[in-house]
Amino acid sequence: MCPILGRMFGFYLRRWNLVSDGEPVATHSSNLLPVRAGDIPAMLKIARSDEERRGASLMAWWNGNGAARVLAQHGGAILLERATGRRSLASMAHEGQDDDASRIICGVAMRLHAQGGTPPADLVPLFDWYAELSRVAGADT
């Protein structure tokens, strides 16, 4: 394994007995690595922000109901099942199937928001999250 991958992902690759299955991706908030957990394609995601850590708690709470299933979670890292199909919502939209893509997105959103029980306590309510947008939308421009 290359030294950079070893430093970034090595602990979790060993902890969960994972094998690298693609190139790492770095975003402003996370480091991601496609992996295999035995025969299961997965994505190892290591959060670099509180927002992403809260998101990992939400993913675990959804428990695969409308979202990727969480295979493991520890600290700021989460191991998610990885989609491997050839269908793409973006491709559908670009190929004139945007109504179908929108129906899929709305169906997923309905499943996610129908989740029963109490969500993780550390989530930021959407009203708070988008408060600035509401303020700007009401301002004279």
Side-chain angles (χ1 to χ4, degrees), residues 1-139 141:
M1 174 188 316
C2 92
I4 293 173
L5 280 182
R7 284 192 302 276
M8 196 178 309
F9 299 106
F11 174 80
Y12 294 104
L13 290 171
R14 290 184 300 278
R15 179 183 180 95
W16 293 326
N17 198 29
L18 306 172
V19 175
S20 176
D21 192 34
E23 294 299 315
V25 176
T27 70
H28 71 282
S29 60
S30 300
N31 295 318
L32 300 106
L33 180 67
V35 296
R36 295 197 72 78
D39 292 337
I40 301 169
M43 184 66 72
L44 173 57
K45 180 177 182 179
I46 301 174
R48 294 194 325 245
S49 72
D50 289 339
E51 173 187 340
E52 287 295 325
R53 283 184 273 285
R54 287 190 300 267
S57 296
L58 181 61
M59 292 295 292
W61 180 68
W62 277 329
N63 197 26
N65 185 17
R69 189 169 42 110
V70 174
L71 305 173
Q73 185 179 5
H74 177 264
I78 188 168
L79 182 64
L80 301 162
E81 68 180 341
R82 177 169 39 113
T84 58
R86 295 192 351 224
R87 290 184 70 191
S88 160
L89 292 174
S91 295
M92 290 173 71
H94 291 297
E95 294 167 5
Q97 298 174 306
D98 27 337
D99 287 346
D100 293 332
S102 293
R103 274 191 278 286
I104 291 169
I105 291 167
C106 289
V108 169
M110 286 176 52
R111 282 182 69 185
L112 294 174
H113 289 279
Q115 181 79 3
T118 305
D122 61 349
L123 293 180
V124 176
L126 288 177
F127 182 81
D128 295 347
W129 191 261
Y130 291 106
E132 184 66 17
L133 251 170
S134 296
R135 187 188 67 72
V136 171
T141 56

So Met92 and Ile104, do their side chains get closer than 4.5 Å, heavy atoms only? yes
Distance from Leu89 atom CG to His94 atom NE2, nearest 0.5 Å? 10.5 Å
Which residues satisfy the side chain to side chain donor-acceptor pair (under 3.5 Å) test with Ser49, sequence neighbours excluded? none
Between the CG atom in Leu44 and the CG atom in Leu71, the distance rounded to the nearest 0.5 Å is 10.5 Å
Strictly below 4.0 Å, N to O, side chains only: are Arg54 and Asp122 in salt-bridge contact? no
With sequence neighbours excluded, residues passing side-chain contact (heavy atoms from CB on, under 4.5 Å) with Gln73: Ala56, Ser57, Ala60, Val70
Could you tell me which residues satisfy ring pair (Phe, Tyr, Trp, His ring centres under 6.0 Å) with Trp16, sequence neighbours excluded, listed by chain and number? Tyr12
What is the distance from atom CD of Glu81 to atom CG of Leu79, rounded to the nearest 0.5 Å? 10.0 Å
Restricting to non-hydrogen atoms, name the atom on Ser30 and the atom on Ala47 that form the minimum distance, rounded to 0.1 Å. OG-CA, 4.0 Å
Has Arg15 got a side-chain atom pairing as donor or acceptor with Phe11's backbone, closer than 3.5 angstrom? no
Kindly give the heavy-atom pair with the smallest separation between Trp61 and Thr118, and that separation in Å. NE1-O, 3.1 Å
Exercise: identify the closest heavy-atom pair between Met59 and Ile78: CB-CD1, 4.0 Å
Grab the two heavy atoms, one from Pro119 and one from Leu123, that are nearest each other, plus how far apart they are. CB-CD1, 3.9 Å
Point-to-point distance, once rounded to the nearest 0.5 Å, from CD1 of Ile105 to CG of Asp98: 10.0 Å
Between Arg82 and Arg36, is there a donor-acceptor pair closer than 3.5 Å when you use the side chain of the first and the backbone of the second? no
Closest non-hydrogen contact found for Trp62 with Leu112 is NE1-O, 3.2 Å
Do you know which two heavy atoms are closest between Leu13 and Ser20, and how far apart they sit? CD2-N, 4.5 Å
State, with a plain yes or no, whether a side-chain heavy atom of Ser29 is found less than 4.5 Å away from one of Arg48. no
Check against side-chain contact (heavy atoms from CB on, under 4.5 Å), Leu33 and Leu18: CA-CA 10 Å; Leu33 180 67; Leu18 306 172; over 6 Å; no
